[in-house]
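To start, the structure itself, in structure tokens.
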Amino acid sequence: MGKTCRVSTLCVLCVILALVSIATIVTLWTLALTDHGDVTAPWDSYRLSMDVIPEYYNITIWPRLSPDPNNGLYIFTGQSTVHFECVKETNLILIHSSQLSYTRQDNEHMANGAAALIIESTWLQPETQYLVINLKSKLRQGQKYQLYTEFTGELADDLSGFYRSEYEEDGLQKIVATSQMHPTYARKTFPCFDEPALKAIFHITLIHPPGTVALSNGMERDIANITIDGVSWTKTKFEPTKKMSTYLLAITVSDYTYINTTQKDPQIRIWARRKAIDLGQGNYALNVTGPILDFFQSYYNIAYPLTKSDQIALPDFYYGAMENWGLVTYRETNLLYDPKTSSSRNKEKTATIIAHELAHMWFGNLVTLRWWNEVWLNEGFASYVAYLGADHAEPTWNVRDLIVLDKIHKVFAVDALTSSHPLSSNEDSIVLPNQISEQFDVISYSKVQKLQHLTNFGLFSFFLQTYLNHFGYSNTVGNDLWHHLQMAVKDNNGSLPHSVDRIMSPWVLQMGFPVVTINTAIGKVSQKHFLLDADSNVTVKSPYKYAELQLLKCKYALTHCGMMVFGYWPTLILIQITSNKLFIPMYSFCRAQLLSTSLALRTTSYLSKETEYMPWQSALNNLDYYYLMLDRTDVYQPMQDYIRKQVTPLFLYFKNMTLDWSSVPVQHTDHFFKRMYFKILTQQCVNCNLFRIHPNLRSVVYCSAIAAGDEAEWEFGWLQFKIASVANEANKLMFALACTNNTELLNRYLSYTLNSTIIRKQDATSVITSVASNRAGQKLAWDFVRNHWEYMFTEYGVGSFSFASMITGVTARFSTPAELQEVYTH
Ligand SMILES: *[C@@H]1O[C@H](CO)[C@@H](O)[C@H](O)[C@H]1NC(C)=O
Ligand SMILES: *[C@@H]1O[C@H](CO)[C@@H](O)[C@H](O)[C@H]1NC(C)=O
Ligand SMILES: *[C@@H]1O[C@H](CO)[C@@H](O)[C@H](O)[C@H]1NC(C)=O
Ligand SMILES: *[C@@H]1O[C@H](CO)[C@@H](O)[C@H](O)[C@H]1NC(C)=O
Ligand SMILES: *[C@@H]1O[C@H](CO)[C@@H](O)[C@H](O)[C@H]1NC(C)=O
Ligand SMILES: *[C@@H]1O[C@H](CO)[C@@H](O)[C@H](O)[C@H]1NC(C)=O
Ligand SMILES: *[C@@H]1O[C@H](CO)[C@@H](O)[C@H](O)[C@H]1NC(C)=O
Ligand SMILES: *[C@@H]1O[C@H](CO)[C@@H](O)[C@H](O)[C@H]1NC(C)=O
Ligand SMILES: *[C@@H]1O[C@H](CO)[C@@H](O)[C@H](O)[C@H]1NC(C)=O
Ligand SMILES: [Zn+2]
């Protein structure tokens, strides 16, 4: 690159850049790259060297919401000044930058009477995602500098960084420019020190078309109309953020509108498409946000740190939601709720997801993990306290009960595979952006819930308060947490059999969990690594010594001991097997060949008398495994008949209770109950009266109708899907379309996922997984995935969360070695 950049006496360092065509830039960078092939060079390391520490950024970004007439691309341009301190003498600045282009021009206007720092050379390092600035002289320790850049990026529909989302309203195509910075996409929006520990303050300005609304983490502070090249634009300046990590930034430009609450401090707003707001679909979110924020303020005993809380529903969004500080982004289905058409399951999801994201405003945002090897520090706690927040907002739902089912069972299943991983891994082992994305799995989200069993509820809350106060606006590692928990125990005159560190470390550093066998006849206790597939080869061996002493001591007081000291689920499960009807995990044991299948299935004989939600849902979760394995064998029909027989008394019970399915039971969990029950009785419901059907049952009914019908019914369903204005309703139809047994239709449906104007990218993996979950579609889906592997990997592999869940979904029925082999070939 050229070297014309002059810098002024106050140590203003500049890289002035201007627009050039993409092709030129690629060539330039490629040329520059070949000069720097040295493997040991600093720019080959994925981690920043920490020679310079950012203090604040001043960023202006200008998205164009219509395509460039020359090349059809949507772009954004921007300028950024980052103010940083040099903490270790260096002549090399590495700042993250990905898919942004820069070019230099003369920079006469930069002179501020400041001393010039001469730039020797600058280049991009695409592999490690850096903009490298090599200076002629060294930056001095303790001195502060500024780096100014101008850049251009594509506002692509790729769901990462600053990206484009589209929807139709009143026949008009509308564009939303929105962002997903987490975990490593801020660098795709502006050059930044993109690691969670490098917290800074962000002054953000957005330039956008008049009539549109711009949002960011801070409140809009200054909105002005300006003219650029004779065209008017609006310029919105936001109040500076708190000191925070780059991955928590958010910016959006849209034609959205909002509703707000009268609660004064902080101002709470729900943003969505105009039509969705007009139809009242944001009301439920608005109703629960205030109470949930209130709950967390008192639970953490720390006021909400910001002046406003915005939540926005986006038509295209990769994850379920993202906890950007002050501007939380959601998939439409997770934030919007329509009382007329959405089910109570949708409502529960909305409440718990909002609670999860708001819990992060403190846990994760105020206090942040130091590095991505300890994702559980952010996610585990948020997942746990989310249930407390949701419980506060909806006290009649018994949401806390659901923790066991939603989280524990899931983690139990995943952690029992050899492919699991320890909660915490070595910091050096997680460096690549892909490895970072992979950390966001069910293990990190759910396994941490053991922690709260360690102590009583009040102590746990006390501990959180001191921890959050102590580490506010900075970063932590797991050891900080143990240390504070230990202090909380001490301050409360509590006692634990061992240090917190000693109790928790095995659990955090080892993957999986032990199965504990207690032989009550001879008083012998033993434990070993629990694996669903008893024949699998474990590569990472763990000793599985979990506080053996306590185990023995507590042999006769299992209930308390299991909850308080161990809390890992096998112990709890064993207790529950003997003490009440939560027999379910037996199935897991059975899969692992610790019990025979017939013994495990025999316990279902009890189901015919059961009317409670928990045992049933647990049983069905586990029976699902048998369905998946057996549904292509001769055993399928007898098994189906058997389960149906067990379920019939329950069916009649609910039929009576709901006055022939037309009214809603009072107890919240009953809604779910009915829903899951219908999963099994799908075919019986073909005869249900479609028009009287309550929203909770719709997905089942739609599925049955499409399964029983043929092309005409499918086309009708497809049309309804395309015109549905409620995201939850569209979602139900989307799943139902996969219920047909017509392979031609299924193939057509699969092929739609390759065109994002037909099926949104965010939904493609769900469609494929639903087709795979249909007996008639499993093979089609797998063949489809194999034939389009390249495409899928590049399109859906962004964050491997949904890609991985698709592979799991598509291969869930695989039970023969030949099928297994097919998985490994990719
Ligand atoms: C940010 O930059 C603009 C000009 O680009 C300037 O007017 C403003 O004062 C700067 N703000 C801060 C906080 O540095
Ligand atoms: C900016 O222009 C829009 C219309 O183009 C107008 O509605 C708005 O009031 C103007 N805002 C200011 C601050 O002048
Ligand atoms: C809600 O927003 C309106 C402007 O749209 C504002 O006048 C009102 O003060 C807001 N209410 C609260 C309580 O913040
Ligand atoms: C929101 O709260 C209001 C007032 O309590 C209530 O009338 C309304 O039904 C609630 N809306 C939803 C969708 O729950
Ligand atoms: C802990 O014990 C000390 C001394 O026995 C007592 O002064 C203190 O109040 C106790 N603290 C709590 C929280 O019970
Ligand atoms: C485990 O390793 C043994 C010996 O290397 C091999 O024979 C066996 O097939 C492996 N099992 C699995 C499930 O891969
Ligand atoms: C049906 O429900 C009514 C009350 O709604 C109850 O009195 C009756 O016992 C129920 N019948 C059966 C068979 O459960
Ligand atoms: C699809 O299902 C219907 C109704 O269950 C059945 O009549 C039909 O034979 C099935 N078609 C195929 C191709 O399996
Ligand atoms: C995607 O679908 C749209 C609408 O059916 C069509 O116009 C477009 O040509 C398709 N794109 C591709 C690449 O097939
Ligand atoms: Zn989270």
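All ligand and atom numbering here is 1-based and tracks the order in the structure.
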task = May I ask you to establish whether Arg269 and Tyr258 are in a cation-pi arrangement, using a distance under 6.0 Å from NZ or CZ to the six-membered ring centre and at most 45° from the ring axis?
result = yes

request  = Cation-pi check, Arg331 to Phe317: give yes when NZ or CZ is under 6.0 Å from the six-membered ring centre and within 45° of the ring axis, no otherwise.
outcome  = no

key: For Glu711, all residues meeting side chain to side chain donor-acceptor pair (under 3.5 Å), sequence neighbours excluded   = Arg748

query = Considering only heavy atoms of Thr261, which atoms of ligand 3 have at least one such atom less than 4.0 Å away?
reply = 11 (N), 12 (C), 13 (C), 14 (O)

For ligand 9, what N or O to protein N or O distances fall under 3.5 Å?
unit_1, atom_1, unit_2, atom_2, d
ligand 9, 2 (O), Asn755, ND2, 2.3
ligand 9, 2 (O), Thr757, OG1, 3.1
ligand 9, 11 (N), Asn755, ND2, 2.8
ligand 9, 14 (O), Asn755, ND2, 3.4

note = Here the gap from Gln180 atom CD to Leu249 atom CG, rounded to the nearest 0.5 Å, amounts to 12.0 Å

query = Of all the atoms in Glu379, is at least one N, O or S atom closer to the Zn ion (ligand 10) than 2.8 Å?
reply = yes

query = How about Glu715: does its CD atom have over 12 heavy atoms from other parts shown lying under 6.0 Å from it?
reply = yes

message = For a quick check under 3.5 Å, do Thr234 and Asn225 share a side-chain donor-acceptor pair by atom type?
response = yes

message = With no hydrogens and no angle check, just 3.5 Å: does a side-chain donor-acceptor pair link Glu239 and Thr307?
response = yes

